[in-house]
Every structure is written in structure tokens, then in C-alpha cells.
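As the structure is a computational prediction, the values presented were derived from the model and not from experiment.
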Amino acid sequence: ALLRAGADATATDSAGSSVWHEASGAEPTSADARASSATLRALVEESHVDPDAARLRDASGRTPLHVAAGAGNADAVSWLCARAAMGGGG
């Protein structure tokens, strides 16, 4: 809803973390894990954000793919890798 209202999907916090990083970092056993892939898709499809925004790096240099892999979130890793293979972010 926020994205459709014009929220900036590339905004970062003081640590350089974006909504892309937050969505990618859901623990695979959490209730949020299934929603994270849907959130990532919505960032591109619903907000019309440049898919390369998924390449944003936080203050530690981590991309959302790094965060997803570190959290063990296989769905987010798969989705981000697929986007990268299609020429989008990831």
C-alpha cells in the first residue's frame, strides 16, 4: 500500500539498509519468510521501481542477495537470482 502511495523503495536507514534488504532477510522459519518473496516482487511490479534497485548495498557493502543468503531465505535467494539472470537486480 505504501509503495502504491508513492513511498520511496530505495530509501535507506542510517545503516544503509533498504526495504529490499529487510524483505530479503526474513528467517526461513519465520512467518515472514513466505511474505518476503512476495514483497520483493511487489517492489518491482507494483511500485515500478527500477529492478536494479535490488543491487543497493548497505553500509557493510551487502546486497539484498547477501542478506537473503545469510538468513537462509532460499525463496528470496531464488527470486533475486532469477531477477539477475533476466537482467534485473539481484
Side-chain angles (χ1 to χ4, degrees):
L2 290 173
L3 293 173
R4 282 177 266 165
D8 183 359
T10 62
T12 59
D13 63 16
S14 61
S17 184
S18 69
V19 65
W20 294 86
H21 293 88
E22 295 302 317
S24 298
E27 295 291 331
T29 56
S30 74
D32 295 332
R34 286 185 300 277
S36 68
S37 291
T39 299
L40 292 170
R41 280 189 291 276
L43 285 168
V44 173
E45 295 166 1
E46 293 182 24
S47 67
H48 306 289
V49 171
D50 180 346
D52 284 334
R55 297 182 192 272
L56 291 171
R57 293 185 179 270
D58 64 15
S60 298
R62 297 177 306 161
T63 66
L65 181 57
H66 293 126
V67 174
N73 189 337
D75 286 341
V77 168
S78 294
W79 191 83
L80 290 164
C81 286
R83 292 295 303 166
M86 293 185 309

Should V77 and V67 be regarded as members of a common hydrophobic cluster, given that ILVMFWY residues are connected when their side-chain heavy atoms come within less than 4.5 Å of each other, either directly or indirectly?
no
Atom of [X], atom of [Y] and distance for their closest heavy-atom approach:
{"X": "L80", "Y": "S24", "result": "CD1-OG, 3.7 Å"}
{"X": "G25", "Y": "A71", "result": "O-CB, 3.5 Å"}
{"X": "N73", "Y": "A23", "result": "ND2-O, 4.3 Å"}

Does any pair with a residue in residues 60-70 pass salt bridge (charged side-chain N to carboxylate O under 4.0 Å, His left out), and if so which ones, sequence neighbours excluded?
D58-R62
H66 and T63: side-chain donor and acceptor closer than 3.5 Å?
yes
Heavy-atom side-chain contact between S18 and H21 under 4.5 Å
yes
